[in-house]
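The block underneath contains the structure these notes are about, expressed in structure tokens.
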Amino acid sequence: MENYVLECCVDSVESAVEAELGGADRLELCAALIIGGISPGLALFEQVRENCPLPIRVLLRPRFGDFLYTKQEFEILKKEVALFREKGADGVVIGCLKEDGGLHMERMRELIRTAEGMPITLHRAFDVCAEPFRVYEQAAQLGIDTILTSGQEENCLVGMPLLKKLSELQRKIDGPQIMAGAGVTPDVIRRFLGETDIAAYHLSAKKTLDSGMRYRKEGVPMGLPSFSEYCVFRTDRRTVAEAKKILAEHKAG
């Protein structure tokens, strides 16, 4: 019987609590989810740990953008792996590429050594690598246990053909678990369960809340001008619960 994994990506204590109440199996903790996620602060990690019992894998990404890191950015990554290991993280979510789109094996080995046995997820750097099957096999050689991927497409539904092939390779070589991500909803999970043998799913299940601010100074963006400063993105426990129910029913059936 499959052991299904429902991982919820969160960037706040409130979202972590909602994910747990909805039945998520574990968290991927980051900051700035609106730009794809960057490394969270230690204070956020500690507050999530205090308020939520779920296992926490910490996304480590020093900046927005690609995964070709400078020497200084890589040193930041190494330090963050050590810091979150010392603070008791249950795993880290990492990835480094070379200029040619290959996995940077030397840097990945160094980060994994620094992790000292923590479980490792290769994040969506995988989705912009040049040779996904080669990188999958390299990840297996490194001992990485999970690859988060959309199948190298904008969302996992479009990427389903590659995800199917990767899942077949997973079973053939007993490699890293393929975790479908990007655009995951309960309905998408239901479709995947009907058409693939993928057992791990990553979603944010976010909804948009209106800010509690009564006074609003419009026209003064603090970052991306396309987003209102008076919106709050938060995980919705009901969406998580619906996804969990679908997985449980499929397992029971």
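- A 6.0 Å sphere centred on NZ of Lys206 holds no more than 12 heavy atoms belonging to other residues, nucleotides or ligands.
- Side-chain atoms of Asp11 do not come within 3.5 Å of backbone N or O of Ala31 as any donor-acceptor pair.
- Inspection of the Arg124 and Ser150 side chains reveals an N or O donor paired with an N or O acceptor under 3.5 Å.
- At a threshold of 4.5 Å between non-hydrogen side-chain atoms, the residues Met179 and Glu7 count as touching.
- Residue Lys245 places its NZ atom among 12 or fewer non-hydrogen atoms of other residues, nucleotides or ligands, all under 6.0 Å distant.
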Inset, instruction - Just do the salt bridge (Lys or Arg N to Asp or Glu O under 4.0 Å) check on Lys164 and Asp197 with the steps written out, would you? - result: CA-CA 8 Å; Lys164 284 183 178 180; Asp197 54 9; over 6 Å; no
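- Contact detail for Val240 and Gly23: the closest heavy-atom pair is CG1-N, 4.1 Å.
- A salt bridge does not link Lys71 with Glu75: none of the charged nitrogens is closer than 4.0 Å to a carboxylate oxygen.
- When every heavy atom of Met118 is checked against every heavy atom of Val81, the shortest pair comes out as CE-O, 4.0 Å.
- Under a hydrophobic-cluster definition in which Ile, Leu, Val, Met, Phe, Trp and Tyr are linked whenever side-chain heavy atoms come within less than 4.5 Å, directly or via other members, Leu122 and Leu142 are assigned to the same cluster.
- Judged purely by atom type and a 3.5 angstrom limit, Thr239 has no side-chain atom pairing as donor or acceptor with the backbone of Ala205.
- Between the side chain of Gln152 and the backbone N or O of Cys129, at least one donor-acceptor pair lies under 3.5 Å.
- In this structure, a donor-acceptor pair under 3.5 Å is present between the side chains of Thr121 and Arg57.
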Inset, instruction - Output, in order, the C-alpha distance, side-chain angles, deciding distance and verdict of salt bridge (Lys or Arg N to Asp or Glu O under 4.0 Å) for Asp90 and Arg49. - result: CA-CA 11 Å; Asp90 298 288; Arg49 179 64 90 201; 3.0 Å; yes
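- Paired with Leu29 under the rule side-chain contact (heavy atoms from CB on, under 4.5 Å), one option of Leu59, Leu44, Leu54 passes, and it is Leu44.
- Counting heavy-atom neighbours within 6.0 Å of Arg216 CZ, excluding the residue itself, gives a total above 12.
- Around the CZ atom of Arg63, the shell of radius 6.0 Å holds more than 12 heavy atoms that belong to other residues, nucleotides or ligands.
- Every salt bridge (charged side-chain N to carboxylate O under 4.0 Å, His left out) that Glu18 has, sequence neighbours left out, goes to Arg237.
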Enumerate donor-acceptor pairs with a distance under 3.5 Å from any side-chain N or O in residues 92-104 to protein atoms, sequence neighbours excluded.
from, atom 1, to, atom 2, distance (Å)
Asp100, OD1, Gly102, N, 2.9
His104, ND1, Glu106, OE1, 3.3
His104, ND1, Arg107, N, 3.3

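- Under 3.5 Å, the side chains of Gln177 and Thr146 contain no donor-acceptor pair of N or O atoms.
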